[in-house]
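A note on names: the letters A, B, ... follow the listed sequences, proteins ahead of strands, and every chain is numbered from 1. A quick note: this is a predicted structure, and the numbers were derived from the prediction, not measured.
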There are 2 protein chains.
Amino acid sequence: MEVITLKDIAKALNLSTSTVSRALRDSYEINEKTKKLVAEYAKKVNYRPNPIALSLKDNKSRAIGVIVPEIANNFFSQAINGIEDEAYSRGYHVVICQSHESLEREKENLRHLFERRVDGILISLSGKTKDIKHILEYSESNFAVVFFDRVPESSGFHKVVADNFSGAFAATEYLIQQGKKRIAHITSPLTLSITKERLEGYKKALEKHGIVVDNELIKYCGFDPEEAKATINDFINTQKPDAFFTCSDRLALHCYEAFQSRKDEMPADTPFFGFTNLNVSHLFSPKLSTVVQPAYEMGARAAKILLDQLESKRKVKDFEKIVLETYLKIS
Amino acid sequence: MEVITLKDIAKALNLSTSTVSRALRDSYEINEKTKKLVAEYAKKVNYRPNPIALSLKDNKSRAIGVIVPEIANNFFSQAINGIEDEAYSRGYHVVICQSHESLEREKENLRHLFERRVDGILISLSGKTKDIKHILEYSESNFAVVFFDRVPESSGFHKVVADNFSGAFAATEYLIQQGKKRIAHITSPLTLSITKERLEGYKKALEKHGIVVDNELIKYCGFDPEEAKATINDFINTQKPDAFFTCSDRLALHCYEAFQSRKDEMPADTPFFGFTNLNVSHLFSPKLSTVVQPAYEMGARAAKILLDQLESKRKVKDFEKIVLETYLKIS
DNA sequence: AAAAATCCTGAAAACGATTGCATAAATTAA
DNA sequence: TTAATTTATGCAATCGTTTTCAGGATTTTT
């Protein structure tokens with residue numbers, strides 16, 4: 001694959017590079033005959049502008065960056081598909097980075113993307129990210145950032161999230177309608193916004209149906225499998241809930257696994273609900289029902305907002321927060 | 001985040017950009033005092049060389065590209081983790097692209113990566129890729145390419161694959177040892193190298209145990225869920241095998257799903273084996289046992305070969321084919 | 001026929017970094 | 001004292017592209 005530059009074309013046609021450049025961009029200054037000549041030759045030799053030279057010149061790249069905790073997660077890989085479809089259809093490329101739930105990696109990703117002059121980024125925060133100072137450094141100097149899924153509390157950013165409250169509410173209500181009264185709620189650390197919203201949904205559903213919220217049935221749990229296992233075991237040993245509702249995509253599998261390993265000690269109809277996009281949950285036994293987030297759409301919407309912002313002339317001052325509906329997948 | 005260039009440093013210290021550049025690269029030509037001065041100032045203002053300018057100058061990027069059919073697949077996301085760890089530890093970045101099993105997308109990915117001057121690529125071919133003409137175009141002009149998992153027949157490339165024969169052999173033998181005699185083999189199209197190798201493992205295991213190969217028990221199947229369903233149904237309706245062995249990561253789930261939906265019509269102890277890195281297979285019921293490929297290691301090894309090649313002076317002439325062991329995950 | 005307007009085209013600078021070459025200043029040798 | 005050598009630094013070209021400015025050639029207006 002030979003690389004052709006403007007200079008090569010100029011030399012071959014006995015023109016200057018400036019003329020060739022202008023001809024290819026269909027400048028009014030160039031003679032029609034010259035334009036045609038250049039266009040045909042460029043096509044023949046399969047000329048493609050060097051994107052690196054353009055990036056250097058324009059200080060942008062027609063590429064956007066994505067930072068997610070991990071790609072080995074259906075939710076995020078579906079979101080990435082949404083992002084890619086939106087971006088590609090508008091002529092942008094997508095650079096994917098994984099933070100692996102590490103703040104350090106997240107910072108490195110950010111720096112890398114910024115240095116590589118991506119035009120903006122989409123980010124779902126790592127589990128270890130407590131504040132967004134490292135992001136503000138960039139966003140303050142006019143670097144476009146859109147958050148999705150795991151978003152910061154701070155205002156002043158575009159955000160795309162799922163309706164966590166309603167999702168949790170619907171799942172809890174479903175369990176109540178199945179006749180369950182002691183529904184265990186296992187969720188992520190309270191520092192995350194998603195945790196609070198989901199917890200609120202859970203509580204409101206109980207209240208609506210006249211069930212007193214029992215704080216013993218609510219446990220916060222980190223992303224470590226052992227911790228999840230201990231949490232579930234503790235529930236089974238002491239509180240004996242009649243249903244489980246795990247409110248974190250990462251947690252769902254760990255908890256479910258511990259739950260399954262002790263299924264013989266529980267009534268066969270003990271339902272287990274997760275808040276996850278795991279796409280094989282219906283194949284599990286006992287059943288794993290889930291609250292599903294519109295991951296693809298979240299990615300696509302977030303990308304759309306970012307690209308709209310990039311392509312708009314004026315600086316955005318009113319930030320959007322898009323809230324997308326979840327739905328239940330009952331297995 | 002303010003962007004500092006060599007020029008800024010030069011201006012601030014009243015030096016020329018060349019002196020600053022040389023001082024930062026610790027050139028012997030520069031006075032120690034000047035070096036220290038420059039180093040300290042650069043550190044203070046957090047100077048970082050513009051990678052785009054370097055790419056333009058050097059025609060390389062210290063980044064490698066990865067093309068996989070899709071990232072929403074445990075095998076590939078694990079492989080990518082291996083690739084990233086190897087690459088990052090050696091100071092390279094990784095650009096991930098998905099072909100979505102489309103030859104067109106694969107070509108676009110290739111062109112994009114090449115234009116962006118990645119120093120080389122790692123690729124697992126799309127399901128629609130029948131030949132590698134599009135790849136030869138690039139590799140022939142000295143663009144480093146290493147294949148992994150789905151590799152072409154052609155020699156003249158570095159390749160990293162799993163020992164498909166042994167994996168299939170071991171799985172088949174295991175089923176035989178469980179007393180199964182009519183083992184259905186559902187596999188991908190015969191055009192893929194993995195198909196042939198796995199089929200061979202299946203046959204040899206039967207032969208070793210004195211079981212005649214019954215061609216009625218072997219079916220080739222594409223990646224369409226409906227096709228998988230039809231294949232399984234057909235087996236259950238007519239051949240009534242006493243075990244299933246699906247030999248393609250993509251196929252496993254589709255086939256298993258069809259199998260599960262009819263489990264009541266089959267003996268409860270009908271085993272189902274897949275050739276997949278699905279990491280939740282042990283949670284399924286009926287059991288889904290699998291042949292697992294060392295995905296992380298495949299990625300890491302492939303990346304190592306690519307980077308070694310990039311960093312070696314001389315052109316490689318003897319191409320390696322690394323074959324990694326698989327293992328059985330019995331559920 | 002001279003002046004003005006129009007039409008094309010090219011030279012050069014810019015983006016940020018590296019590097020071969022030139023050179024001024026300081027030191028040493030003759 | 002002059003020439004040769006060393007030391008430390010700067011100039012300018014390069015990578016590929018876009019774009020401002022300038023100017024030559026042609027045509028139109030007076």
Side-chain angles (χ1 to χ4, degrees), chain A residues 1-39 41-42 45-63 91 111-112 114-119 142, chain B residues 1-39 41-42 45-63 91 111-112 114-119 142:
Chain A
M1 181 66 49
E2 215 174 337
V3 179
I4 302 290
T5 70
L6 279 188
K7 206 190 273 184
D8 297 326
I9 300 181
K11 205 173 292 171
L13 300 182
N14 227 339
L15 292 168
S16 72
T17 56
S18 25
T19 302
V20 175
S21 171
R22 274 186 278 244
L24 288 173
R25 348 196 79 247
D26 201 26
S27 160
Y28 71 98
E29 298 171 281
I30 303 294
N31 190 315
E32 282 304 327
K33 274 169 72 177
T34 311
K35 278 190 199 170
K36 190 180 275 181
L37 184 72
V38 171
Y41 186 78
V45 298
N46 194 27
Y47 167 77
R48 318 213 114 253
N50 181 329
I52 296 191
L54 289 175
S55 288
L56 181 61
K57 182 128 206 2
D58 300 340
N59 224 12
K60 50 190 179 176
S61 58
R62 283 196 87 75
R111 188 167 57 64
H112 169 65
F114 180 75
E115 282 180 358
R116 286 275 165 186
R117 298 294 185 277
V118 295
D119 299 346
N142 208 13
Chain B
M1 182 66 45
E2 217 176 333
V3 179
I4 303 289
T5 70
L6 278 190
K7 207 190 274 185
D8 297 326
I9 300 182
K11 205 173 292 170
L13 300 182
N14 228 339
L15 291 169
S16 72
T17 58
S18 26
T19 301
V20 175
S21 171
R22 272 185 276 243
L24 288 172
R25 346 194 83 246
D26 201 25
S27 159
Y28 71 99
E29 297 172 282
I30 304 293
N31 190 315
E32 283 303 327
K33 274 169 72 176
T34 312
K35 278 188 197 170
K36 193 181 271 182
L37 185 73
V38 171
Y41 186 79
V45 297
N46 194 25
Y47 167 76
R48 319 213 114 255
N50 181 330
I52 296 188
L54 289 175
S55 288
L56 182 60
K57 179 127 201 11
D58 301 340
N59 224 12
K60 50 189 177 177
S61 59
R62 283 197 86 75
R111 189 166 57 64
H112 168 65
F114 180 76
E115 283 180 359
R116 286 274 165 186
R117 299 295 186 275
V118 295
D119 298 345
N142 209 13

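Between A:Leu6 and A:Leu24, the closest side-chain pair of non-hydrogen atoms falls below 4.5 Å. At a threshold of 4.5 Å between non-hydrogen side-chain atoms, the residues B:Asp8 and B:Val45 do not count as touching. Contact annotation: the side chain of B:Arg116 approaches that of A:Ser55 to within less than 4.5 Å [non-hydrogen atoms, C-beta and beyond].
Taking atom CG on A:Asn31 and atom C1' on C:dC8, their separation rounds to 7 Å, with Å as the unit. Protein atom CD1 of B:Ile30 is 14 Å distant from nucleotide atom P of C:dG20, rounded to whole Å. Between A:Leu37 atom CG and C:dC8 atom P there is a gap of 15 Å when expressed in whole angstrom units. Residue A:Glu29 contributes atom CD, which lies 11 Å from atom P of C:dC7 at whole-angstrom precision. Atom C1' of nucleotide C:dC7 and atom NZ of A:Lys35 are separated by 12 Å, given to the nearest angstrom. Taking atom CZ of A:Arg22 as the reference point, atom C1' of C:dT9 lies 7 Å away to the nearest angstrom. Rounded to a whole Å, the CG atom of A:Leu6 is 13 Å from the P atom of C:dG10. Summarising the geometry, the separation between CD1 on A:Ile9 and C1' on C:dT9 is reported as 17 Å, rounded to the nearest angstrom.
Taking for each of A:Thr17 and B:Tyr28 the nucleotide of DNA chain D with the nearest heavy atom, the 5'-most of the two is the partner of B:Tyr28.
Across all non-hydrogen atoms, the minimal contact from A:Lys35 to A:Asp26 is NZ-OD1, 3.0 Å. Taking all atoms of both residues into account, the shortest heavy-atom contact from A:Asp119 to A:Lys60 is OD1-CB, 3.0 Å. Considering all non-hydrogen atoms of both residues, B:Ala10 and B:Ser16 come closest at CB-C, 3.7 Å. Nearest heavy atom pair, residue A:Ile30 against residue A:Ala23, reads CG1-N, 4.0 Å.
Proximity of A:Ser18 to the phosphate of C:dA11: no side-chain N or O atom is located under 4.0 Å from OP1 or OP2. An OP1 or OP2 oxygen of C:dT9 is reached within less than 4.0 angstrom by no side-chain nitrogen or oxygen of A:Ser16.
Five base pairs at each end of the helix from C:dA1-D:dT30 to C:dA30-D:dT1 define two local axes, and these are offset by 80° (rounded to 10°).
Of the inter-residue distances, the one linking B:Arg117 atom CZ with B:Asp58 atom CG reads 12.0 Å to the nearest 0.5 angstrom. In this structure, OG1 in A:Thr34 is found 9.5 Å from CG in A:Leu13, a value given to the nearest 0.5 Å. Remark: A:Ile9 CD1 to A:Ser21 OG distance equals 10.0 Å, nearest 0.5 Å. Atom CZ of B:Arg48 and atom CD1 of B:Ile4 lie 12.5 Å apart (nearest 0.5 Å).
Near DNA chain C, defined here as any heavy-atom distance below 4.0 Å, the residues from residues 47-57 of chain B are B:Tyr47, B:Arg48, B:Pro49, B:Asn50, B:Ala53, B:Leu54, B:Lys57, listed numerically.
Think of the region where chain B sits on DNA chain D: with heavy atoms and a 4.0 Å cut, that region ends 5' and 3' at D:dA8 to D:dG16.
Here B:Asn14 lies in heavy-atom contact (under 4.0 Å) with sugar-phosphate atoms only.
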After noting the C-alpha distance and the side-chain angles of B:Leu56 and A:Asn50, does the key distance pass the side-chain contact (heavy atoms from CB on, under 4.5 Å) rule?
CA-CA 9 Å; B:Leu56 182 60; A:Asn50 181 329; 4.2 Å; yes
